[in-house]
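Residue indices begin at 1 and follow the sequence shown. Reckoned from all heavy atoms, side chains included, excluding hydrogens, waters and symmetry mates.
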Amino acid sequence: MSRSRPEDLTHPAPPRPEEDGEQSGPLRPGAWADDPAVPRNGAAGPGARRGFLTLLGVDLWERFSFFGMAAILVLYLTAAPADGGLGMSQQTATALFATYMSLNFMAGLPGGWLADRVLGARRAVLAGGALIACGHAVLAIAAVPALYAGLALVVVGTGLVKPSLAAMVSAVSGTAKREEAFSRFYMCIQVSALLAPLVTGLLAEKVTWHLGFAAAAFGMAAGLAQFRLGLRVLDGVGSAPTCPLTRAEARTAARRAAVVVLVGAAAATAVVLGLLPLLAVLALLGLATVFLPFLHLRALGRRSAVDRRRLTAFAAVMAASAAFWMIFAQSGSVLSLFAAHHTDRDVLGFTVPASWLQSVHPLFILLLAPFAGRLRARTTTKFAGALAAAGLSFIVMTAAALLARTGDVSVAWLIAVYLLYSLGEVVLAPAGLALAAATAPPGYLNRFLALNGMFAAVGVVLGGQFFRLTAVLPLPFYFLALAGIALAAGAAVAAAARRLRLHLPA
């Protein structure tokens with residue numbers, strides 16, 4: 001990326017054929033290069049602030065639906081049929097949850113591609129939001145086929161929404177304030193992450209599981225309505241694809257998409273009919289998740305103008321970050337199960353729903369984010385520190401699991417765990433988005449933002465697969481092993497920091 005400066009990312013020039021390798025057309029009228037809402041000098045004016053608030057509003061509701069459903073999914077899967085659940089084993093439910101979470105991240109790749117080349121960012125958000133709302137509504141139906149259909153709709157919708165929202169935030173904020181904007185955005189959406197488990201958890205655990213899923217559908221529908229009403233303040237941002245497909249490329253893409261949809265539908269049908277074991281399908285999806293980001297990076301290295309050494313440094317930091325997301329993803333599955341079965345949740349005669357503890361994490365994000373936003377440190381330092389915090393959190397979890405062998409433990413142990421990895425998250429998450437945006441060459445912004453999510457998916461799916469070992473290994477050993485992986489990844493980033501900084505964007 002020696003010819004591309006960070007400032008070019010907000011106003012991308014048409015990629016040259018020899019740089020892009022995809023016969024992409026020039027930027028269409030209305031693409032971000034000519035957006036009046038995009039700051040020219042890195043200073044956010046009134047139009048940019050209004051655009052930021054519009055994008056924030058839809059993400060608040062989208063995160064409400066996502067975190068609300070994530071807080072109750074594993075509990076629903078493992079609950080006994082007599083209690084309205086599906087009666088899955090903890091290992092199977094955790095693997096399914098991890099696969100679902102990882103596919104949410106992975107879906108950002110085709111979703112970002114569709115936004116870049118077919119839909120434009122705002123149409124991607126509208127279509128994705130509609131699919132998410134429909135998915136949660138389907139999950140409210142008490143039938144096993146509805147579970148897989150609903151999860152699939154949510155995954156596809158999230159893949160369209162997340163990279164497109166991030167790209168528009170980057171566009172309206174300007175290069176000088178990009179990381180600050182991502183930090184503020186990340187902090188504000190924690191309001192939804194805080195409230196959603198309280199609402200859906202109360203409805204699901206105290207009334208009926210499917211009412212919790214219905215509440216998540218309502219949240220996404222409200223977000224869509226808010227976004228549609230606020231489109232006028234975005235002017236031209238995201239109104240058209242930045243690199244539109246040619247007709248030949250569109251036909252090829254349609255054929256490939258049809259194959260993927262047919263294979264996915266056939267696999268889901270075989271699982272529902274009992275022709276394929278669920279764990280085998282989840283393992284294959286997990287294997288694909290681990291290798292796909294590296295294969296995609298290799299392809300981008302051939303097609304784009306990114307300097308190979310910069311791309312290698314970017315891949316190394318992103319791969320290390322997967323260890324952080326491996327810890328992060330345990331919140332909705334392993335930690336939720338630990339809260340349900342190994343903690344004392346009685347308060348004045350009222351049993352606090354286990355899903356409510358999911359709100360502790362976003363509460364800490366809200367409290368810590370203002371301080372993290374003032375942190376002035378190099379990218380490698382932020383990643384190494386965040387990984388160390390995540391590793392330490394599972395050292396604490398190891399001690400809690402040891403004590404739980406003799407009886408229920410205080411929820412204070414879980415609160416301490418959430419505090420430590422929340423501290424890591426408020427530093428690593430916006431830094432990862434900013435690094436991906438700064439590394440992306442012109443015309444590839446959405447796809448590099450999706451890469452950030454793909455490496456997070458690697459950690460999520462590995463964590464889910466590792467939990468299957470608890471069928472034969474003690475739970476404390478599991479927590480200690482994951483802590484060791486995170487600490488080792490942080491140490492590796494710290495040791496290679498000087499060499500990495502030579503090639504990473506400033």
Side-chain angles (χ1 to χ4, degrees), residues 1-9 19 105 170 175-176 178-180 182-183 290-328 372 374-392 421 423-442 444-445 447-459 462 482-506:
M1 193 173 162
S2 57
R3 297 190 298 275
S4 300
R5 304 184 307 277
E7 358 351 355
D8 295 331
L9 300 174
E19 294 176 345
F105 287 116
S170 179
T175 54
R178 180 189 287 125
E179 187 166 351
E180 179 184 339
F182 279 133
S183 296
V290 170
F291 285 104
L292 189 57
F294 298 98
L295 295 174
H296 184 58
L297 264 175
R298 184 180 178 184
L300 287 178
R302 293 196 303 265
R303 297 175 182 175
S304 70
V306 181
D307 180 82
R308 294 298 175 87
R309 290 171 297 181
R310 172 170 287 194
L311 201 61
T312 300
F314 171 75
V317 174
M318 288 290 106
S321 74
F324 175 86
W325 297 111
M326 177 183 65
I327 300 291
F328 167 88
R374 299 192 185 100
L375 180 64
R376 296 293 178 261
R378 295 180 183 271
T379 298
T380 50
T381 302
K382 291 179 179 179
F383 274 75
L387 285 161
L392 290 174
Y421 81 68
L423 181 61
E425 184 184 347
V426 295
V427 173
L428 184 141
L433 288 169
L435 177 61
T439 305
Y444 283 81
L445 178 59
R447 278 166 280 181
F448 267 76
L449 289 170
L451 267 172
N452 179 63
M454 291 171 71
F455 277 102
V458 171
L462 286 177
L482 265 60
I485 293 172
L487 291 172
V493 172
R498 181 174 297 180
R499 189 163 61 253
L500 290 169
R501 285 197 290 262
L502 291 175
H503 307 297
L504 293 175

If you define the side chain from C-beta out and look only at heavy atoms, does anything of [X] sit under 4.5 Å from [Y]?
| X | Y | result |
| --- | --- | --- |
| N452 | M318 | yes |
| R498 | T380 | no |
| V427 | F383 | no |

In Å, rounded to the nearest 0.5 Å, how long is the span from CD1 of I327 to CD of E425? 12.5 Å
Determine the interplanar angle of the F324 and F328 rings, folded into 0 to 90°, and report it as parallel if under 30°, tilted if 30 to 60°, perpendicular if over 60°. parallel
Closest approach of [X] and [Y], non-hydrogen atoms and distance?
| X | Y | answer |
| --- | --- | --- |
| L500 | V317 | CD1-CG2, 3.9 Å |
| T439 | L435 | OG1-O, 2.7 Å |
| V458 | P293 | CG2-CG, 3.7 Å |
| L487 | A388 | CD2-O, 3.7 Å |
| L387 | A323 | CD2-CB, 3.9 Å |
| A386 | L428 | CB-CB, 3.6 Å |

What about F294 and F455, are their ring centers closer than 6.0 Å? yes
